[in-house]
Amino acid sequence: MADGRSGSKRSSADIDNSTQDSKRVKMAKGGDAKDSDRLNPYLAHHYEDDNNGQKNGFGGPLDKLQRHTTTAAQAAAAEDSDLNPWTGQPHSQRYFDILKTRRNLPVSKQRQEFLNMYHEKQILVFVGETGSGKTTQIPQYVLYDELPHLTGKLIACTQPRRVAAMSVAQRVANELDVELGEEVGYSIRFENKTGPKTLLKYMTDGQLLRESMHDHDMSRYGCIILDEAHERTLATDILMALLKQIAGRRKDLKIIVMSATLDAQKFQSYFYDAPLLAVPGRTHPVEIFYTPEPERDYVEAAVRTVLQIHATEPEGDILLFLTGEEEIEDACRRINLEVDDMIRESDAGPMKVYPLYGTLPPAQQQRIFDKAPEPIRPGGRPGRKCIVATNIAETSLTIDGIVYVVDPGFSKQKIYNPRSRVESLLVSPISKASAQQRAGRAGRTRPGKCFRLYTEKAFKKELIEQTYPEILRSNLSNTVLELKKLGVEDLVHFDLMDPPAPETMMRALEELNYLACLDDDGELTKLGSLASEFPLDPALAVMLISSPEFYCSNEILSITSLLSVPQIWVRPNSARKRADEMKQMFAHPDGDHLTLLNAYHAFKAAEQSGQDTKKWCHEHFLSFRHLTSADNVRAQLRRIMETNEIELMSTPFQDKDYYTNIRRALLAGFFMQVAMRESSNSKIYKTVKDDQLVMIHPSTVVSSPYDWVVYNEFVLTTKQYVRTVTNIRPEWLLEIAPVYYDLDTFEKGEIKSALTRITEKIRRRQAMKGGR
DNA sequence: GAGCACTGC
């Protein structure tokens, strides 16, 4: 890269030189009157005059800047300079073009105000609506003040989503006229696009959290900016609590919490009354309409509203929010049918309807960006497009050109019931904040309209202000393990913005204790510490770590990876039967885990024989995307295993115990997820200890019903199901998880009696052996 | 004999 910029006077080595030079200056002028200043390494660059006039490595526009005193005018002057302060290269024309638009952003007017606060305070809260430019500009304002090339301490800006981290980093690299991955980079799982010169790093919040497990003080960073904090992801919530702690230990660390307006006060008071800077957004007004009466069938009402907009409103695209795939496909069908009638009967314009949800293949997701259709005949009524989307269109994807939003007021939300230990998805009313966000989608390019399919009274009285943060709606086993690894000793007093229910914490501690990740005093064990190294749920991590004991760590590694990606089985509505038949080809009689493994092995065999794997997957009704991603996960997990000297091995395939070993190894992590059949010729199972009545999910390949199964997940839909199940033998439970299967801890019932009978059988057998 | 809001490590 350095070669590509021949003539550059600066390279990564220069950074080191300049700090060394500073030290030299410090020593040479040790007795000076301004001694205290000179001993401050942050100010050392002021005294580099002795250093052949070379400052910052290339004597440039940053000369006049002094760390933590930069004014907006000084920074602007440096930005206006012919030479790029960060590379020493001349600025390109494009740079100056972009600079002009940047200066027009609402946030630009408040640069000095921002800097004043930044200089004065360690923590600040920054509030800006969409279009304010905060995500791209604030980190650059910090850059010109923090001057990270002098301290070696990076500026980090976190995002809840990978795409955002990548695309914003690219944008800011363009704005600064640098190569992405050099001075500006990003870091997400599977991809670290940063280098020795990187000063500003965009990253996912989860990635920063993972980094901090090995750097409890986040010592690599001089300033950490948490963006989109109002989304309250699990990672953001934990980072906020950690940063609050670290701020006390590291006075040199600056923290900026950025959020959309609504919850600003809550953030301020959480961070010791941090000062607030608010910047207006740049959006167009959106007129809101409510229904006079509550709607009974919101899908029906939504379809009707879309058609009415199409019939009566001027040109402009429509965005309709529904809750899931099935609903969306159904609504699309109905709208399409009706529009055809409208065109025939009343000469309406054409309308293209696009579904949009997360599990849709990316190519199909892209189609939402197609232009609205042309009028049917020249001079005819204009066409428009209608996108029927899940919540994905609320935050992750923005579509320009939307003028009308139809909001029935529902979304699917994860809820966690600690009593039954079940996470499930439930169609629930959205929050006011969500409703506002949805309405905002209509005003991105010009004034718009939002049709809410509920009454104004319902909006005011029934909707909660904010969606509950994820931390209150999740199983926290993974989080608790992470916190322990992060060095949080006292979980009860860990200062989270919204502390979860004590019962949820207890459940997590209990589960981690059974998994031997925490000892009876709640201290992290060696196994727990190792498990936290893996980006996996604790049960999966423990299964993986234990797998060498069962001589099948290669296979368990594959299964773990397959269980950490979305379902690899493709089942299009148009070809369900063929898809099911194809799946049967991979079926293993002992269950779904082994069937997954078979499919993966077949995929790898196809790859090794040089076949077109994409085509192969298509023919076999397997998801190329998800299998490839499982392969990626596998490589990452494998590296972590190697680093931690966890042996990779297989039982020879010819060995009769090849599959038995794998089935036993599953139990090392999933011994708590076992169910026993209620009675012979029953289809109902009862889960161990929780005594939940469940059925095996119809997607299973298991045809002959086994008496005992281990399951990967519990799903609550129309019925209670266990999904991805494999046949096991109950005596393995007593052997592999003796603490959990201590029969004294079981309540009276069929499971306890069954296990007692087995214990006695084993005892008799051992007695006979002993007697011989 | 049924489903898969959305992210992230």
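In the text below, chain A, chain B and the rest are named by the order of the sequence lines, each starting its count at 1.
Of the listed nucleotides (B:dA2, B:dG3, B:dG1), B:dA2 has the atom at the smallest distance from the side chain of A:Lys719. The side chain of A:Arg162 lies closest to B:dC9, out of B:dC4, B:dG1, B:dC9. For A:Ile392, the side-chain atoms get nearest to B:dC6 when compared with the rest of B:dG1, B:dC4, B:dC6. The side chain of A:Tyr721 has B:dG1 as its nearest neighbour among B:dC9, B:dG1, B:dG8. When distances are taken from the side chain of A:Glu470 to each of B:dG3, B:dG8, B:dT7, the shortest belongs to B:dT7.
A:Glu423 places its CD atom 13 Å from the C1' atom of B:dC6, with the value rounded to the nearest Å. If you measure from atom CG of A:Leu356 to atom P of B:dC6, you get 9 Å, rounded to the nearest angstrom. The interatomic distance linking A:Glu329 (CD) with B:dC4 (P) rounds to 15 Å, in whole Å. Distance A:Asp205 CG to B:dC6 C1': 13 Å, rounded to the nearest Å. Atom CZ of A:Arg210 and atom P of B:dT7 are 20 Å apart (whole Å). Atom pair A:Phe321:CZ and B:dC6:P shows a separation of 13 Å (rounding to whole Å applied). Here the P atom of nucleotide B:dG8 and the CD atom of A:Glu228 are 13 Å apart, to the nearest Å. Rounded to whole Å, the distance from CG on A:Leu322 to C1' on B:dC6 is 16 Å.
Comparing A:Pro535 and A:Leu716 along DNA chain B, the residue whose closest nucleotide (by nearest heavy atom) sits nearer the 5' end is A:Leu716. Summary of the strand contacts: A:Arg161 and A:Trp569 both lie near DNA chain B, and taking for each the nucleotide with the nearest heavy atom, the more 5' one is attributed to A:Trp569.
Donor-acceptor pairing under 3.5 Å is recorded for the side chains of A:Lys485 and A:Ser529. In the model, A:Ser561 has no side-chain atom that pairs as donor or acceptor with a side-chain atom of A:Ser558 under 3.5 Å. Side-chain atoms of A:Ser219 and A:Asp217 form no donor-acceptor pair, as typed in the model, at a separation below 3.5 Å. For the residue pair A:Tyr600/A:Asp631, the side-chain donor-acceptor check at 3.5 Å is satisfied.
Of the side-chain N and O atoms in A:Thr204, none sit less than 4.0 angstrom from OP1 or OP2 of B:dG8. When the side-chain nitrogen and oxygen atoms of A:Ser411 are compared with OP1 and OP2 of B:dC6, none of them lie within a distance under 4.0 Å. One finds a side-chain N or O of A:Lys683 lying less than 4.0 angstrom from the OP1 or OP2 phosphate oxygen of B:dG1. Not one side-chain nitrogen or oxygen of A:Thr717 sits closer than 4.0 Å to the OP1 or OP2 atom of B:dA2.
Among the atoms of the strands shown, none is found under 4.0 Å from any heavy atom of A:Phe534. Using a 4.0 Å heavy-atom criterion, one finds that A:Gln207 contacts the sugar-phosphate atoms exclusively. At a threshold of 4.0 angstrom between heavy atoms, the contacts of A:Arg189 include nucleobase atoms, whether or not backbone atoms are also involved. Contacts of A:Ile188 with the nucleic acid, taken as non-hydrogen atoms under 4.0 Å apart, involve only primed sugar atoms and P, OP1 or OP2.
Taking the ring centre of A:Tyr468 as origin, the terminal cationic atom of A:Arg473 falls outside the region bounded by 6.0 Å and 45° from the ring axis. Cation-pi check for A:Arg452 over A:Phe459 is met; the charged atom lies under 6.0 angstrom from the ring centroid and within 45 degrees of its normal.
No donor-acceptor contact under 3.5 Å links the side chain of A:Arg576 to the base of B:dA2.
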